[in-house]
Protein chains: 2
Amino acid sequence: MTDDQANGAIVAKTLADHAYQRIRRDIVAGKLAPGSKLRLEALTKRYDVGMSPLREALARLVGDALAVIEGQRGFWVAPLSIEEFEDITRVRGLIETEAMQRSIERGGPEWETAVRKAYDELSRLERKLKKKGDESLPLWEDANRRFHEALVAACGSPWLIRFRCMLYDQSERYRRISLTRSAADRCVHDEHEAIVEAALSRQVLKACRLTELHLRRTADVVREALAAEDRKRA
Amino acid sequence: MTDDQANGAIVAKTLADHAYQRIRRDIVAGKLAPGSKLRLEALTKRYDVGMSPLREALARLVGDALAVIEGQRGFWVAPLSIEEFEDITRVRGLIETEAMQRSIERGGPEWETAVRKAYDELSRLERKLKKKGDESLPLWEDANRRFHEALVAACGSPWLIRFRCMLYDQSERYRRISLTRSAADRCVHDEHEAIVEAALSRQVLKACRLTELHLRRTADVVREALAAEDRKRA
DNA sequence: TTAGCTTAAATTTTCGAAATTTTAAAGGCG
DNA sequence: CGCCTTTAAAATTTCGAAAATTTAAGCTAA
């Protein structure tokens with residue numbers, strides 16, 4: 001479970017693995033539209049694999065709740081909805097804070113080092129993002145993920161980590177379709193800094209509160225963007 | 001999500017679906033030994049399906065954390081360990097109590113009715129189990145699952161329900177290998193009764209405490225059985 | 001003996017096409 | 001005109017075997 005997803009090898013040894021990782025990335029990034037049909041023949045061409053490994057990859061994604069399957073009718077990209085986003089956010093608060101608490105209580109010096117390192121890397125990319133612009137957004141996304149992973153890495157619970165990762169992926173889908181970059185524009189850096197400080201000084205309650213606040217703030221932005229989209233469509 | 005597992009159709013429309021459900025049941029029930037290799041050719045015969053639907057079914061199980069895959073080396077039944085069991089139990093406590101709380105706060109009359117019905121059915125099967133013996137154990141397992149599902153069904157959070165279901169399945173694996181029937185022998189009925197009473201009288205805290213106690217008691221029995229097994233092996 | 005190498009067997013993985021089912025279109029009728 | 005049935009096209013699902021990889025066995029040499 002050292003990978004950034006709940007299961008699956010770090011390096012793809014089979015075509016099915018490879019397809020799984022690529023399709024997964026594309027769903028999370030929103031390149032495959034939420035709710036859209038996954039036509040098998042089209043995908044075999046797009047990802048350059050045969051039917052068998054493709055279906056295997058999609059079946060794994062069903063288990064990850066990133067795709068849905070209906071017998072004899074095929075696969076779809078898992079749809080998004082405001083209601084589900086609210087649910088994800090609430091449950092994520094529960095999981096993240098529990099993991100954060102345990103991580104703070106159990107984390108040793110290696111944990112501290114890793115958190116600082118992830119934070120520094122994230123800060124570096126935020127400065128870069130300000131200068132260069134959106135082209136380095138994927139790198140920021142990656143660093144942001146690693147930063148939040150590092151914070152809870154010492155919680156000692158593979159199942160908390162697994163659930164947290166699933167919810168993070170789901171949240172990222174909403175973030176990515178509702179805002180291309182405003183996430184980084186926000187005072188997100190300050191929020192991260194505050195969390196790091198609280199965590200490293202072992203202030204459990206403060207770190208958890210700040211984490212919840214961080215989630216709520218992000219949720220607010222997404223919610224607003226989703227609502228705006230709805231208004232535009234009507 | 002009306003099914004008893006997180007994803008997948010209620011009725012199997014394809015061979016892959018069918019194989020998925022059957023293999024899943026066998027893993028949860030311990031008929032496929034934890035950690036054992038899943039040889040594809042053997043499985044195609046045992047479940048009477050071809051390679052393609054079989055691999056698809058196994059891929060789904062990987063997503064459910066009931067099987068693991070290693071590139072070019074195949075599939076295994078997910079292994080069990082005492083450490084993981086402790087982890088599952090702790091996280092399950094977190095999820096179950098959160099779901100229980102919300103369910104009590106939001107549950108309407110239909111919820112109450114469903115809980116009572118599930119409880120009555122479970123009680124009926126417990127009496128039957130005392131008389132007839134182990135042959136009706138699978139039925140009891142089923143009723144027990146439905147009972148605990150009914151309790152949290154009104155929580156209003158698909159994701160909580162999904163996670164809860166995953167952890168319940170995982171726990172069941174441990175229960176089933178470590179005790180064939182002592183679970184029902186225990187004063188488990190009284191514990192269930194107490195939970196139902198607390199839940200239906202909307203005593204959130206009490207219901208949660210009792211749920212945690214219930215989990216802890218079950219965990220104690222499993223832990224002891226696992227330890228005994230270890231001693232015997234050494 | 002044991003470690004390393006070679007070869008054979010077993011197993012997993014993948015392909016390409018046939019079989020099945022769903023979806024869309026066309027035709028007929030009240 | 002709308003609705004039901006029939007027919008054709010499209011898409012999914014499954015099979016059977018070839019290709020690739022791992023595992024086990026046999027053999028040689030230090």
Side-chain angles (χ1 to χ4, degrees), chain A residues 3 5 7-24 26-27 32-79, chain B residues 3 5 7-24 26-27 32-79:
Chain A
D3 197 15
Q5 54 240 25
N7 44 264
I10 296 91
V11 290
K13 289 196 123 185
T14 66
L15 289 183
D17 273 345
H18 197 235
Y20 169 73
Q21 292 181 4
R22 287 189 62 194
I23 299 175
R24 190 181 219 284
D26 285 350
I27 291 179
L32 289 167
S36 65
K37 185 73 196 294
L38 290 166
R39 282 213 191 66
L40 296 174
E41 208 193 323
L43 292 189
T44 57
K45 283 169 189 163
R46 174 165 177 171
Y47 295 101
D48 194 33
V49 287
M51 274 301 175
S52 316
L54 175 64
R55 288 187 67 88
E56 208 176 309
L58 292 176
R60 297 252 297 274
L61 291 169
V62 170
D64 295 345
L66 291 170
V68 294
I69 184 173
E70 195 179 334
Q72 304 285 23
R73 306 208 332 117
F75 297 87
W76 280 261
V77 178
Chain B
D3 197 14
Q5 55 239 25
N7 45 262
I10 295 91
V11 290
K13 291 196 120 185
T14 66
L15 289 183
D17 274 344
H18 198 235
Y20 168 73
Q21 292 181 5
R22 288 188 60 194
I23 300 175
R24 190 180 218 285
D26 286 349
I27 291 179
L32 288 166
S36 66
K37 185 73 197 293
L38 291 166
R39 281 213 192 66
L40 297 174
E41 209 192 324
L43 293 189
T44 58
K45 283 168 189 164
R46 173 164 178 172
Y47 296 101
D48 192 35
V49 287
M51 274 300 176
S52 316
L54 175 64
R55 289 187 67 89
E56 208 175 309
L58 292 176
R60 297 253 294 277
L61 290 169
V62 170
D64 295 344
L66 290 171
V68 294
I69 184 174
E70 194 180 334
Q72 305 284 25
R73 306 210 329 119
F75 297 87
W76 280 261
V77 178

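Side chains are part of it too, since the values below use all heavy atoms of this structure and drop only hydrogens, waters and symmetry mates. Lettering follows sequence order; numbering is per chain, from 1.
- Spacing between atom CH2 of B/W76 and atom C1' of D/dT22 amounts to 10 Å, rounded to whole angstrom units.
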Quiz prompt | Step-by-step side chain to side chain contact (heavy atoms under 4.5 Å, CB included) determination, A/L58 to A/I69 | solution = CA-CA 9 Å; A/L58 292 176; A/I69 184 173; over 6 Å; no
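- Of the side-chain N and O atoms in B/K13, one or more sit less than 4.0 angstrom from OP1 or OP2 of C/dT22.
- Within residues 44-54 of chain A, the residues having any heavy atom closer than 4.0 Å to DNA chain C are, in order of number, A/G50, A/S52, A/P53.
- A close approach under 4.0 Å does occur between a side-chain nitrogen or oxygen of A/K37 and OP1 or OP2 of D/dT12.
- Residues B/A16 and B/A57 come closest through the heavy atom pair O-CB, 3.7 Å.
- Distance, A/E41 CD to C/dA17 P: 12 Å, rounded to whole Å.
- B/R39 comes within 4.0 angstrom of the backbone, heavy atoms only, and of no base.
- Atom C1' of nucleotide D/dT12 and atom CG of A/L43 are separated by 13 Å, given to the nearest angstrom.
- In this structure, A/E56 and A/T14 have side chains that are not in contact, with every pair of non-hydrogen atoms separated by 4.5 Å or more.
- Smallest separation of non-hydrogen atoms from A/A67 and A/L38: CB-CD1, 4.4 Å.
- Distance, B/I69 CD1 to C/dT12 P: 11 Å, rounded to whole Å.
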Anything under 3.5 Å between a donor and an acceptor, one on a side chain of residues 44-52 of chain B, the other on a protein residue two or more places apart or in another chain? List them.
residue, atom, partner, partner atom, Å
B/T44, OG1, B/E41, O, 2.5
B/K45, NZ, B/E41, OE2, 3.4
B/Y47, OH, B/D26, OD2, 2.7

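- Residues A/G63 and B/D64 share a closest heavy-atom pair of CA-OD1, 4.4 Å.
- Side-chain proximity of B/L15 to C/dC15, D/dT14, C/dT13: nearest is D/dT14.
- When rounded to the nearest whole Å, the span between CG of A/L40 and C1' of D/dT14 equals 13 Å.
- In this structure, A/Q72 has no side-chain hydrogen bond (donor to acceptor under 3.5 Å, both in side chains) partners at least two apart in sequence or on a different chain.
- Atom CD of B/Q72 and atom P of D/dA20 are 11 Å apart (whole Å).
- Nucleic acid contact for B/L58: none, since no nucleic acid atom lies under 4.0 Å from a heavy atom of the residue.
- Taking atom CG of A/D17 as the reference point, atom P of D/dT21 lies 14 Å away to the nearest angstrom.
- Summarising the geometry, the separation between CD on B/E70 and P on C/dT12 is reported as 12 Å, rounded to the nearest angstrom.
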